[in-house]
There are 2 protein chains.
Amino acid sequence: MDTRTLCLGVLNRGDASGYEIKKSFEEGPLAHIHEASFGAIYPALTRLSDEGMVDCHEYAQDKRPDKKVYSLTEKGRSALEDALHAAPAPDKVRSDFLFMLFFAQLLPVERLAALIDARIAWYDEILERMTSCEELPKRPAGERFVHGFGLTIYRAARDYLIKNRAALLAECRGADQSAAE
Amino acid sequence: MDTRTLCLGVLNRGDASGYEIKKSFEEGPLAHIHEASFGAIYPALTRLSDEGMVDCHEYAQDKRPDKKVYSLTEKGRSALEDALHAAPAPDKVRSDFLFMLFFAQLLPVERLAALIDARIAWYDEILERMTSCEELPKRPAGERFVHGFGLTIYRAARDYLIKNRAALLAECRGADQSAAE
DNA sequence: TCCAGCATATATCGATGCGATATAGATTTG
DNA sequence: CAAATCTATATCGCATCGATATATGCTGGA
């Protein structure tokens with residue numbers, strides 16, 4: 001799934017600027033599903049515009065760069081539908097957190113604890129934000145389904161960390177001591 | 001977490017070639033935690049070798065390219081530890097599957113069903129592989145913790161799909177019909 | 001009150017990394 | 001017996017990331 005298709009997807013939900021598209025991958029309902037950087041989004045929008053997939057309206061703003069708001073054309077919408085009919089590439093996950101925990105025995109126990117606690121706090125924050133979203137019932141079925149999926153996974157992850165934190169720390173403390181002996 | 005650090009991590013578990021490092025991100029216990037392509041791994045190993053982070057032993061093989069087996073040096077091991085002490089970058093997820101489901105209303109219901117069924121089958125396969133792993137109890141605490149985390153998440157994801165599949169399809173069927181009227 | 005830091009907003013650039021491809025014999029599968 | 005997959009290294013073009021530049025408004029703490 002390239003950045004152009006991602007942009008088409010966001011624009012299908014409503015007109016947006018490059019900046020707003022970026023934000024929607026950070027905070028909105030698309031957060032943690034996919035992401036893209038400015039360095040990918042701005043060139044993608046320029047190219048989509050050249051190809052007639054999106055229209056661009058420039059709004060002059062006092063003492064700021066013009067805001068360029070993009071909207072999906074019919075051609076863009078049908079390109080999005082085509083892309084959605086291709087086979088999905090396998091998920092890609094890159095988790096420094098899990099990579100670090102994997103090497104728990106190389107870390108001081110206090111750092112391990114801090115890492116896990118920060119992660120639990122992060123899940124709490126996200127779950128709070130996700131459950132307090134009020135316009136959710138009005139959103140299409142697909143969005144609600146994905147939202148529910150996210151909630152389920154984050155809750156399971158958080159619960160696992162809380163339930164197994166103590167055992168991991170105890171084991172690592174034990175290993176530390178027997179190594180020191 | 002750059003590819004060089006990922007390679008150091010894999011080599012900390014035992015000597016390996018570039019090919020084996022790649023595989024360990026696809027099948028081994030590090031699967032779905034992080035990944036890297038050949039185009040990133042081979043240059044990374046060359047550079048790690050230049051920097052004295054790894055040693056390289058070449059084994060001549062009949063009628064095949066030499067196999068280059070890398071092993072961690074003391075310097076490499078301490079570089080890995082340093083990297084593990086830095087703050088973890090936030091997780092990056094790129095899921096075409098969830099992105100597609102998000103736009104469920106743009107897809108034919110049969111395709112939606114096929115997408116979800118394929119995903120459930122994928123989870124079943126992975127869970128089967130993860131639970132049938134026998135040398136697990138001998139692995140260090142960190143590896144077992146991460147393994148348990150993966151099991152928990154995959155089970156939760158699979159259960160969610162099974163439980164909510166029918167409702168999503170029904171809703172989309174309903175929306176299709178009212179749009180056709 | 002002032003200033004630091006963050007938000008808005010677009011854009012570019014160097015470094016990094018992906019995905020496809022080349023090569024080539026061995027091994028498995030239909 | 002052929003086709004496909006596996007082992008194994010390596011490179012190349014293109015996409016993408018993350019940092020930075022630019023410019024200004026807003027907000028909160030010393």
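Numbered from 1 within each chain, the chains take letters A, B, ... in sequence-line order. Keep in mind it's a predicted model, so treat the numbers as computed, not measured. When reading the values below, keep in mind they use all heavy atoms of this one structure, side chains included, and skip hydrogens, waters and symmetry mates.
In this structure, B:Lys68 fails the cation-pi test against B:Tyr59, since its NZ or CZ atom is not both closer than 6.0 Å to the six-membered ring centre and inside 45 degrees of the ring normal.
If you measure from atom CG of B:Asp2 to atom C1' of D:dT16, you get 16 Å, rounded to the nearest angstrom. In this structure, B:Phe25 atom CZ and C:dG19 atom P are separated by 15 Å, rounded to whole Å. Across the protein-nucleic acid pair, B:Glu26 atom CD and D:dC6 atom P stand 10 Å apart, rounded to whole Å. Straight-line distance from the NE2 atom of A:His34 to the C1' atom of D:dT16: 13 Å, rounded to whole Å. Summarising the geometry, the separation between CG on B:Leu45 and C1' on C:dT16 is reported as 16 Å, rounded to the nearest angstrom. For the pair B:Tyr19 OH and D:dT5 P, the computed distance is 13 Å after rounding to whole Å. D:dC6 atom P lies 15 Å from atom CD of B:Glu20, rounded to whole Å. The CZ atom of A:Phe38 sits 12 Å away from the P atom of C:dA7 (whole-angstrom rounding).
Within 4.0 Å (heavy atoms only), B:Arg94 reaches sugar-phosphate atoms of the nucleic acid but no base atom. Residue A:Lys23 is classed as a sugar-phosphate contact, given heavy-atom separations below 4.0 Å to backbone atoms only. As judged by a 4.0 angstrom heavy-atom cut-off over every strand, A:Lys22 is placed among residues making no nucleic acid contact. Backbone-only engagement by A:Gly18 is indicated by non-hydrogen atom pairs under 4.0 Å involving sugar-phosphate atoms exclusively.
Under 3.5 Å, the side chains of B:His32 and B:Tyr154 contain a donor-acceptor pair of N or O atoms.
Counting only heavy atoms from C-beta on, B:Lys68 has its side chain closest to D:dA10 among D:dA10, C:dC18, C:dA11.
Ranked by how close their nearest DNA chain D nucleotide is to the 5' end, B:Tyr70 and A:Thr3 are led by B:Tyr70. Residue-to-nucleotide proximity on DNA chain D shows that, of A:Gly39 and B:Thr46, the 5′-proximal contact is made by B:Thr46.
A salt bridge between B:Arg158 and B:Asp124 is present, with a side-chain N of the basic residue lying under 4.0 Å from a carboxylate O of the acidic one. Note on B:Lys22 versus B:Glu35: no salt bridge recorded, every NZ/NE/NH1/NH2 to OD/OE distance being 4.0 Å or above.
Contact annotation: A:Lys92 side-chain N/O to D:dT16 OP1/OP2 distance is not under 4.0 Å. Phosphate contact (OP1/OP2 of C:dT8, side-chain N/O of A:Ser17, threshold under 4.0 Å): absent. Close to C:dA11, at under 4.0 Å from its OP1 or OP2, lies no side-chain N or O of A:Tyr42.
For B:Phe149 and B:Phe145, the distance between ring centers is not under 6.0 angstrom.
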